[in-house]
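Structure record follows, encoded as structure tokens.
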Amino acid sequence: KKLAPANGTWARYQLQSLLNFIGTEIHKGFGPLFNPAMPAEAKQMTKDKLLERLQFVDGELAGKQYLMGDQFTVADGYLFVVTNWAPFVGLDLSPYPNLVAYRARVGARPAVIAAMKAEGLVK
């Protein structure tokens, strides 16, 4: 499916960097927001930091179809999944037009639609 560049290439290292960023800066950033025991002040600080990260991603998506350009990769699938959590924790993505447009592109992919249906997330 060409979801990752060949091992040993510069593009593969870029993909691994993106996956690490999504995992450590975005995915991990959402975790505390799902904890009902977390104090409101701490949640707001966490949201603010997460929004900074999403602003960075928005800039990286400028002029691109996907994170690595014109080719959809596993990093795109991962980013789409974790940014789907935004409404559940009260994060507004509308200030990030590149991210919003990107999410619409990814969400319109037939395989993504099928996966979302299989998970019961859309009808």
Just checking Met45: does its CE atom have more than 12 heavy atoms from other residues, nucleotides or ligands closer to it than 6.0 angstrom?
no
Compute whether any side-chain donor of one residue and acceptor of the other, for Asn20 and Gln16, lie under 3.5 angstrom apart.
no
Side-chain heavy atoms nearer than 4.5 Å, only ILVMFWY residues, links allowed to pass through others: does that put Trp10 and Val74 together?
no
Can you see which heavy atom on Gln65 is nearest to which on Asp70, and at what distance?
CG-OD1, 3.6 Å
Pair Val106-Leu79, side-chain contact (heavy atoms from CB on, under 4.5 Å): steps then yes or no
CA-CA 10 Å; Val106 173; Leu79 181 62; over 6 Å; no
Give every residue pair that meets the ring-ring contact (aromatic ring centres under 6.0 Å, His included) criterion with at least one member in residues 44-65, sequence neighbours excluded.
Phe21-Phe56
Taking all non-hydrogen atoms of both residues, which atom of Leu15 and which atom of Leu3 are closest, and how far apart?
CD2-O, 4.3 Å
What closest approach, in Å, do Arg12 and Ala4 show between heavy atoms, and which atom pair accounts for it?
NH1-CB, 3.8 Å
Taking every non-hydrogen atom, the tightest pair across Met68 and Pro5
CE-CG, 4.0 Å
Closest heavy-atom pair and its distance - Gly69, Lys64
N-CD, 4.1 Å
Applied to residues 23-40, the side-chain hydrogen bond (donor to acceptor under 3.5 Å, both in side chains) test, sequence neighbours excluded, yields Glu25-Arg53, His27-Tyr78
First locate atom CZ of Arg105, then atom CZ of Phe72, and finally report the distance between them rounded to the nearest 0.5 Å.
11.5 Å
Side-chain heavy atoms of Val89 within contact of Leu50, under 4.5 Å:
no
Output the distance between atom CG (Leu51) and atom CD (Gln44), rounded to the nearest 0.5 Å.
8.0 Å
Decide yes or no for Tyr66 and Gln71: does some side-chain heavy atom of the first lie under 4.5 Å from some side-chain heavy atom of the second?
no
Calculate, to the nearest 0.5 Å, the distance between atoms CZ and OG1 belonging to Arg103 and Thr83 respectively.
3.5 Å
For the atom pair CG (Leu91) and CH2 (Trp85), what is the distance rounded to the nearest 0.5 Å?
12.0 Å
Drop me the distance from Lys49's NZ to Leu54's CG, to the nearest 0.5 angstrom.
12.5 Å
Is there a path from Met38 to Phe30 through hydrophobic residues (I, L, V, M, F, W, Y) whose side chains come within less than 4.5 Å of each other?
no
Could you check whether atom OH of Tyr13 has more than 12 heavy atoms from other residues, nucleotides or ligands sitting under 6.0 Å from it?
no
CG-OG1 distance between Asp76 and Thr73, expressed to the nearest 0.5 angstrom
4.0 Å
From CA spacing to verdict: side-chain hydrogen bond (donor to acceptor under 3.5 Å, both in side chains), Asp58, Tyr102
CA-CA 9 Å; Asp58 186 70; Tyr102 161 86; over 6 Å; no
Can you name the closest pair of heavy atoms from Ile113 and Gly107 and give their distance?
CG1-O, 3.3 Å
